[in-house]
Amino acid sequence: MIHGLREMLIFLFLAVFSKATGAKAYSRGVVIQEGAAYCLSWRLAVEANNVRAWRTVPSQCLRYVETYMLGGQYERDLDLIVGQILSYVNGIAPSSDGMDAWILDVDDTCISNVLYYRGKRYGCDPYDPAAFRAWALKGGCPAIPAVLALFSYLVQSGFKVFLVTGRDQETLGQVTLDNLHYEGFVGYKRLILRTAEFKGQSAVAYKSEIRRQIEEEGYRIWGNVGDQWSDLQGECLGNRTFKLPNPMYFVP
């Protein structure tokens, strides 16, 4: 009896809510959102890591993701996050021993692949490793301005910056180094790419091991910045992690 009354009250609430918002209510308490409202909720769930292991952007969200990436909101979100990072950085007094470190991811953290993903319908098409490799070999990824400014500030403040990427060392090592240099990423401590030793490992396992090695060298990792949750999970994460937005793809 009580359970039935509770279900009825939930249904009535949803019916009133749906009338007020234009959403569709169903007896099991499911609210179906349509159009941009659904895509906004989907992106929020992705960034909060509540939606995991997703393969492609929902096809109905193509224009939403395009507008987000190119219409100014992506840059505004980056500016806010970088502002938070800088507030944290300014509260740190680097030691004179030169062992204070930061870790930055590369793809869609330091340099952008949005021009490539435009041709892949902003992630609505499945990941194509051969096509992405061909794109990366061109060495034309532009810097993400907010992160370039953060990078420069970290270097000037005395931190040792490690750029850690899942890109393959053998095929993309030199072109990635040249691309970063051309875009203004100069003065970092080390660019670390995936070698044969880590082939087949998940990003979490690979990057955890790299961070462990950095700490074993005596470095103190104050911060870790990446666009994927797999950049920020695992072991030896550092003192703080910062997730940058990326609704175009998921790296496990």
Side-chain angles (χ1 to χ4, degrees), residues 42-55 57 65 68-69 74-92 100-114 117 123 127 141 143-144 146-151 153-155 159-168 176 180 185 188-194 198 200-217 219-252:
W42 177 82
R43 183 175 65 83
L44 176 62
V46 163
E47 296 300 351
N49 203 31
N50 292 324
V51 176
R52 301 183 182 183
W54 52 278
R55 294 177 60 84
V57 172
V65 174
Y68 173 74
M69 295 302 299
Y74 172 65
E75 285 80 5
R76 287 189 286 273
D77 289 350
L78 285 174
D79 287 343
L80 188 148
I81 295 167
V82 168
Q84 294 298 308
I85 298 173
L86 290 173
S87 293
Y88 167 64
V89 171
N90 287 330
I92 302 170
D100 296 297
W102 275 75
I103 293 177
L104 304 184
D105 174 53
V106 173
D107 283 300
D108 295 298
T109 296
C110 291
I111 53 178
S112 173
N113 293 298
V114 70
Y117 277 97
Y127 177 62
C141 300
I144 296 176
V147 180
L148 177 58
L150 169 64
F151 166 83
Y153 188 79
L154 290 171
V155 172
F159 293 96
K160 298 298 186 295
V161 179
F162 292 82
L163 305 182
V164 183
T165 174
R167 289 188 176 198
D168 177 63
T176 302
L180 288 164
F185 289 91
Y188 53 82
K189 177 64 178 179
R190 194 180 308 155
L191 169 64
I192 302 173
L193 299 98
R194 189 189 290 261
F198 298 104
Q201 286 193 5
S202 69
V204 172
Y206 158 61
K207 293 197 171 185
S208 291
E209 176 59 21
I210 295 301
R211 292 190 298 264
R212 184 188 66 79
Q213 292 176 9
I214 290 172
E215 287 190 344
E216 285 185 347
E217 293 178 30
Y219 288 99
R220 297 175 292 273
I221 300 174
W222 284 97
N224 182 8
V225 183
D227 68 293
Q228 298 292 316
W229 279 101
S230 53
D231 298 327
L232 311 173
Q233 295 172 325
E235 305 299 325
C236 306
L237 293 174
N239 197 53
R240 280 196 66 176
T241 61
F242 296 89
K243 170 71 168 65
L244 303 185
N246 184 352
M248 299 185 296
Y249 59 87
F250 177 91
V251 176

For Trp229, give me all partners under ring pair (Phe, Tyr, Trp, His ring centres under 6.0 Å), at least two apart in sequence or on another chain. none
Which residue pairs satisfy the salt bridge (Lys or Arg N to Asp or Glu O under 4.0 Å) criterion with at least one member in residues 233-252, sequence neighbours excluded? Glu47-Lys243
Can you pull out every salt bridge (Lys or Arg N to Asp or Glu O under 4.0 Å) where at least one residue sits in residues 220-233? Sequence neighbours excluded, please. Asp97-Arg220, Asp100-Arg220, Lys207-Asp231
Can you see whether Asn246 engages Tyr117 through a side-chain donor-acceptor pair at a distance of less than 3.5 angstrom? no
If the condition is ring pair (Phe, Tyr, Trp, His ring centres under 6.0 Å), which residues does Tyr88 pass it with, not counting sequence neighbours? Trp102, Phe242
When the ring planes of Phe162 and Tyr219 are compared, do they come out parallel, tilted or perpendicular, using 30° and 60° as the limits? perpendicular
Begin from the C-alpha positions of Val164 and Val106 and carry the test side-chain contact (heavy atoms from CB on, under 4.5 Å) through to its verdict. CA-CA 7 Å; Val164 183; Val106 173; over 6 Å; no
For Val155, the side-chain contact (heavy atoms from CB on, under 4.5 Å) test, sequence neighbours excluded, returns Phe151, Val161
Row check, Phe250 ring normal vs Arg55 NZ/CZ: under 6.0 Å, within 45°: no
Could you go through Leu44 and Asn50, starting from their C-alpha distance and side-chain angles, then the distance that decides it, and tell me whether this counts as side-chain contact (heavy atoms from CB on, under 4.5 Å)? CA-CA 9 Å; Leu44 176 62; Asn50 292 324; over 6 Å; no
Is the shortest side-chain heavy-atom distance between Tyr188 and Lys160 below 4.5 Å? no
Shortest non-hydrogen contact from Thr165 toward Asp105: CA-OD1, 4.4 Å
State which residues pass side-chain contact (heavy atoms from CB on, under 4.5 Å) with Ile81; sequence neighbours excluded, sorted by chain then number. Ile85, Leu244, Pro245
Do Arg212 and Glu209 sit within salt-bridge range, that is, some charged N less than 4.0 Å from a carboxylate O? yes
Begin with the C-alpha distance, continue with both residues' side-chain angles, and end with the deciding distance and a verdict on side-chain contact (heavy atoms from CB on, under 4.5 Å) for Leu163 and Arg190. CA-CA 6 Å; Leu163 305 182; Arg190 194 180 308 155; over 6 Å; no
Going through the checks in order, is the side-chain contact (heavy atoms from CB on, under 4.5 Å) test met by Tyr249 and Asp107? CA-CA 11 Å; Tyr249 59 87; Asp107 283 300; 4.2 Å; yes
Tyr206 six-ring centre to Arg194 NZ/CZ under 6.0 Å and within 45° of normal: yes
